[in-house]
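What follows is a short report on a single structure.
Numbers for residues simply follow the sequence, beginning at 1. All figures in this text were calculated on a predicted structure; none of them were measured in a lab. What's counted below: heavy atoms across the whole structure, side chains too, no hydrogens, waters or symmetry copies.
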Amino acid sequence: MADLDPFFSKINSWSFTRHRVWNRCQRQYYYEYIAPYVKTGAVVDPEKIRWLKNFTSKFVVQGQLIHDIIDQQIQLHCENKPMDLAGALAAFSKKVSRYKDIGGETFTEYHNGEKITGAFYTAIEENGKTCLHTFFGKWPDYTTRECLRHEQFDHFSIGDVGVTVKVDFAGKMPDGTLILTDWKTGRDDDEYETELQMAAYVLWAHEFYQKSADEIKTELVFLKTGATKPYSFYLEQLREVEEKIQREFAAMNASYVYGDFPARPSQRECMSCKFAEVCPEADAGRN
């Protein structure tokens with residue numbers, strides 16, 4: 001077993017983000033979550049890994065910018081202050097401009113050799129404004145919900161497995177029902193196994209708020225179109241999710257040896273991987 005910094009065990013948990021990385025490329029998972037904590041015999045200098053972790057894929061950035069603006073607006077609502085569409089749109093444009101001014105130098109794709117064109121910034125600004133208009137258009141439906149939490153990291157346990165979640169917005173209806181909302185800024189599909197993500201939210205809320213599964217609802221809100229997809233879970237489904245998370249976390253931690261984390265190269269994924277520079281297999285996926 002590799003010699004890891006003790007801090008690793010303190011932050012080692014299952015999350016939906018880790019689940020996605022693990023199933024996309026286990027080599028990337030190693031670089032992201034294990035390599036920074038290797039103390040002796042590191043395949044790649046941990047300092048180099050920590051530096052590469054500062055880059056962010058352009059696909060992640062455009063969604064995060066929208067989420068940041070929405071979160072600021074929800075905070076105003078939770079403080080009983082008026083929300084501001086014009087201010088939100090201006091703040092979003094300003095954030096996009098900052099990335100444009102530095103030529104996208106913090107984007108993973110730029111670091112990996114891709115030219116970031118003006119068309120990209122135009123597209124994300126148009127998409128962002130569409131999402132913000134949709135959000136403000138739908139928000140009146142949320143004003144009857146008591147604001148409980150939004151964009152906060154929360155932790156709970158499934159047996160011996162620590163789980164981390166970050167719910168976009170948790171609200172309580174007048175009848176006491178909880179509704180956990182996740183804003184989606186991309187396509188209206190289930191490409192990324194969002195049912196697992198929403199089930200993890202329910203498991204957290206069940207423990208955090210001491211509510212039964214019947215008292216917790218979840219929904220995806222697709223901000224490009226305004227479509228909403230609700231989710232409800234039976235106890236049997238939640239038990240299956242718990243077992244899946246436990247099995248997956250065990251696989252994630254079966255070994256911390258570099259060679260036990262195979263790469264899964266593909267052109268798009270490698271170009272968007274912040275560790276392509278140090279991954280021997282990455283070039284094969286970018287030919």
If you compare all heavy atoms of [X] against all heavy atoms of [Y], which two are closest, and at what distance to 0.1 Å?
X      : Y      : value
Ala276 : Ala282 : O-CB, 3.5 Å
Asn112 : Cys270 : ND2-O, 3.4 Å
Arg264 : Arg24  : CD-O, 3.4 Å

Is a side-chain N or O of [X] found less than 3.5 angstrom from the main chain of [Y], in a donor-acceptor match?
X      : Y      : result
Asp168 : Trp183 : yes
Asp154 : Val165 : no
Thr108 : Cys273 : no
Ser97  : Ser93  : yes
Arg145 : Met173 : no
His206 : Lys211 : yes
Glu215 : Ser212 : yes

Under the 6.0 Å and 45° cation-pi test, does [X] pair with [Y]?
X     : Y      : answer
Lys58 : Tyr110 : no
Arg27 : Tyr30  : no
Arg18 : Phe249 : no

Handout entry: Any Gln64 side-chain heavy atom under 4.5 Å of Val61 side chain
Key =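 No, their side chains stay 4.5 Å or more apart.
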
Exercise for the section: Can you label the angle between the Phe8 ring and the Tyr256 ring as parallel, tilted or perpendicular, going by 30° and 60°? Expected result: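 Perpendicular.
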
Practice task
If the plane angle is over 60° it's perpendicular, under 30° parallel, otherwise tilted; pick one for Trp14 and His19.
Solution key: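 Plane angle between 30° and 60°, so tilted.
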
Problem - Whether over 12 other heavy atoms sit under 6.0 Å from Asp160 CG - result: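 No.
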
Problem - Lys100, NZ atom: more than 12 neighbouring heavy atoms under 6.0 Å - result: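 No - once you tally the heavy atoms of other residues, nucleotides and ligands closer than 6.0 Å, there are 12 at most.
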
Practice task
Considering only NZ, NE, NH1 and NH2 on the basic side and carboxylate oxygens on the acidic side, decide whether Arg50 and Glu47 come within less than 4.0 Å.
Solution key: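 Yes, Arg50 and Glu47 are salt-bridged.
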
Problem - Charged N-O contact under 4.0 Å between Lys244 and Glu240 - result: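 Salt bridge absent between Lys244 and Glu240.
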
Mind checking whether [X] and [Y] sit in one hydrophobic cluster, side chains of I, L, V, M, F, W, Y counted as touching below 4.5 Å?
X      : Y     : value
Val96  : Leu85 : yes
Val278 : Trp51 : yes
Phe107 : Phe59 : no

